[in-house]
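Presented below is the structure to which this report refers.
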Amino acid sequence: MDETEFWELVDSTREAVGGDAEDQADLLVERLVQLDPDRVVDFARHFEARYNRAYLWDLWGAAAVLLNGASDDAFDYFRCWLIGQGREVFEGAVHDPDNLAELLDEFDDEVDGDAEDLGYAADEAYEQLTGAQTPDLGLPSPPAEPMGSPFDLEDEAVLEERFPRLWDRFRA
């Protein structure tokens, strides 16, 4: 499975369920179990690589603006959700998290920004296909700390200054 196929699966499942993250994860499992186990591992590898790539201080700050605060777990689930939004949103947000102000049509912190189940979809599909756990993906270890310069995620003045477009659209 190449990167294009990965994003096509992500996009087609999101569109089919109207953006609901839990339903997207369920549909993704259904679609993945139709593939051979090696392709499911490829999907898992693509997902995990992007999940690790999104471990950025600035992206965590954007999540804190959108979610009105973001714990470690909330940021983990946010990164899964971000991948689930598709290539354009993901790449735009990784490049400049403040871009989410333009990339997101809507955002409801009660239902959006949390897609924990998407992070487990490939593992669940692989286990259904093989009865075994997903093998090691052969990726470098994730960074111990987010990449970039740390800042206080609870300081609203800092968040407003770093993410002015997000702040104006979702918090002002």
Side-chain angles (χ1 to χ4, degrees), residues 1-15 19 21-22 24-25 27-29 31-32 35 38-67 69-105 107 109 112-126 133-153 158-159 162-167 170:
M1 175 176 296
D2 64 17
E3 184 176 8
T4 300
E5 291 173 290
F6 168 81
W7 286 118
E8 284 173 356
L9 264 172
V10 168
D11 288 337
S12 66
T13 54
R14 183 188 67 259
E15 290 165 6
E22 286 182 31
Q24 183 182 10
L27 183 56
L28 189 54
V29 171
R31 299 248 176 108
L32 289 171
L35 305 175
D38 289 340
R39 291 187 54 171
V40 174
V41 171
D42 288 343
F43 181 92
R45 193 173 292 118
H46 282 290
F47 193 98
E48 190 72 16
R50 279 146 192 84
Y51 179 82
N52 292 341
R53 187 172 155 224
Y55 196 42
L56 304 166
W57 276 107
D58 280 345
L59 200 52
W60 199 343
V65 171
L66 288 165
L67 299 169
S71 66
D72 293 358
D73 288 343
F75 183 50
D76 289 346
Y77 308 153
F78 178 85
R79 289 185 288 153
C80 292
W81 176 86
L82 187 63
I83 295 166
Q85 299 311 293
R87 184 181 213 160
E88 179 183 349
V89 173
F90 177 82
E91 293 294 341
V94 168
H95 175 71
D96 178 0
D98 204 30
N99 283 338
L100 285 168
E102 288 81 36
L103 292 169
L104 298 176
D105 292 330
F107 189 89
D109 65 356
D112 294 321
D114 179 351
E116 177 182 10
D117 293 345
L118 276 178
Y120 300 116
D123 294 333
E124 187 175 326
Y126 189 85
Q133 290 186 334
T134 308
D136 181 73
L137 300 176
L139 295 172
S141 297
E145 293 291 323
M147 295 171 279
S149 300
F151 58 94
D152 185 352
L153 295 166
V158 169
L159 293 174
R162 288 182 84 107
F163 310 102
R165 292 175 291 154
L166 267 177
W167 189 271
F170 296 103

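Please read these numbers as outputs of a predicted model, since none were measured by experiment.
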Give every donor-acceptor pair under 3.5 Å between a side-chain atom in residues 133-150 and any protein atom, sequence neighbours left out.
{"from": "T134", "atom 1": "OG1", "to": "D123", "atom 2": "OD1", "distance (Å)": "2.8"}
{"from": "D136", "atom 1": "OD2", "to": "G138", "atom 2": "N", "distance (Å)": "3.0"}

Review point. Does the side chain to side chain contact (heavy atoms under 4.5 Å, CB included) test come out yes or no for M1 and L35, once each step is laid out?
Key: CA-CA 10 Å; M1 175 176 296; L35 305 175; 3.7 Å; yes
Review point. Charged N to carboxylate O below 4.0 Å: is that the case for D11 and R14?
Key: yes
Review point. Just by modelled atom types, is the D2 backbone N or O under 3.5 Å from a matching donor or acceptor in the E5 side chain?
Key: yes
Study note, to complete from the structure: Closest non-hydrogen atoms of L159 and V65, given as atom of the first, atom of the second and distance, are CB-CG2, 3.9 Å
Exercise for review: Look at the side chain of D98 and the backbone N and O of L166, then say whether any donor-acceptor pair between them is shorter than 3.5 Å.
Suggested key: yes
**Study point:** Test: E3 and R50 ion pair at under 4.0 Å
**Key:** yes
Review point. Looking only at heavy atoms, what is the nearest atom pair of L100 and A62, with distance?
Key: CD1-CB, 4.3 Å
Check your understanding: Distance from E8 atom CD to R87 atom CZ, nearest 0.5 Å?
Key -> 9.5 Å
Exercise for review: Identify, with sequence neighbours excluded, every residue that meets ring-ring contact (aromatic ring centres under 6.0 Å, His included) alongside F43.
Suggested key: F6
Check your understanding: In this structure, are over 12 heavy atoms from other groups packed under 6.0 Å from Y120 atom OH?
Key -> no
Check your understanding: If you measure from CD on Q85 to CG on D105, what distance do you get to the nearest 0.5 Å?
Key -> 9.5 Å
Practice item. To the nearest 0.5 angstrom, please state how far the CD1 atom of I83 sits from the OH atom of Y51. Key: 8.5 Å
**Study point:** Minimum side-chain heavy-atom gap L118-W81 below 4.5 Å
**Key:** no
Check your understanding: Is there a donor-acceptor contact under 3.5 Å from the side chain of Q24 to the main chain of V10?
Key -> yes
Practice item. Compare every heavy atom of L59 with every heavy atom of A93, then report the nearest pair and how far apart it is. Key: O-CD1, 3.9 Å
Check your understanding: What's the spacing between E91 CD and L103 CG if we round to 0.5 Å?
Key -> 11.0 Å
Review point. Atom CG of L82 and atom CG of L66: how far apart are they, to the nearest 0.5 Å?
Key: 10.0 Å
Check your understanding: Parallel, tilted or perpendicular: which fits the ring planes of F90 and W7, with parallel below 30° and perpendicular above 60°?
Key -> tilted
Review point. Side chain to side chain contact (heavy atoms under 4.5 Å, CB included) between D117 and L28: does it pass, once the steps are laid out?
Key: CA-CA 10 Å; D117 293 345; L28 189 54; over 6 Å; no
Point to revise | L104 CG to D112 CG distance, which is reported to the nearest 0.5 Å | key: 8.0 Å
Point to revise | ring pair (Phe, Tyr, Trp, His ring centres under 6.0 Å) partner of W60, the single match among F151, F163, F75 | key: F75
Check your understanding: Which pair of non-hydrogen atoms, one from A115 and one from C80, has the smallest distance, and what is that distance?
Key -> O-CB, 3.1 Å
Review point. Checking N99 side chain against G92 main chain: does a donor-acceptor pair fall under 3.5 Å?
Key: yes
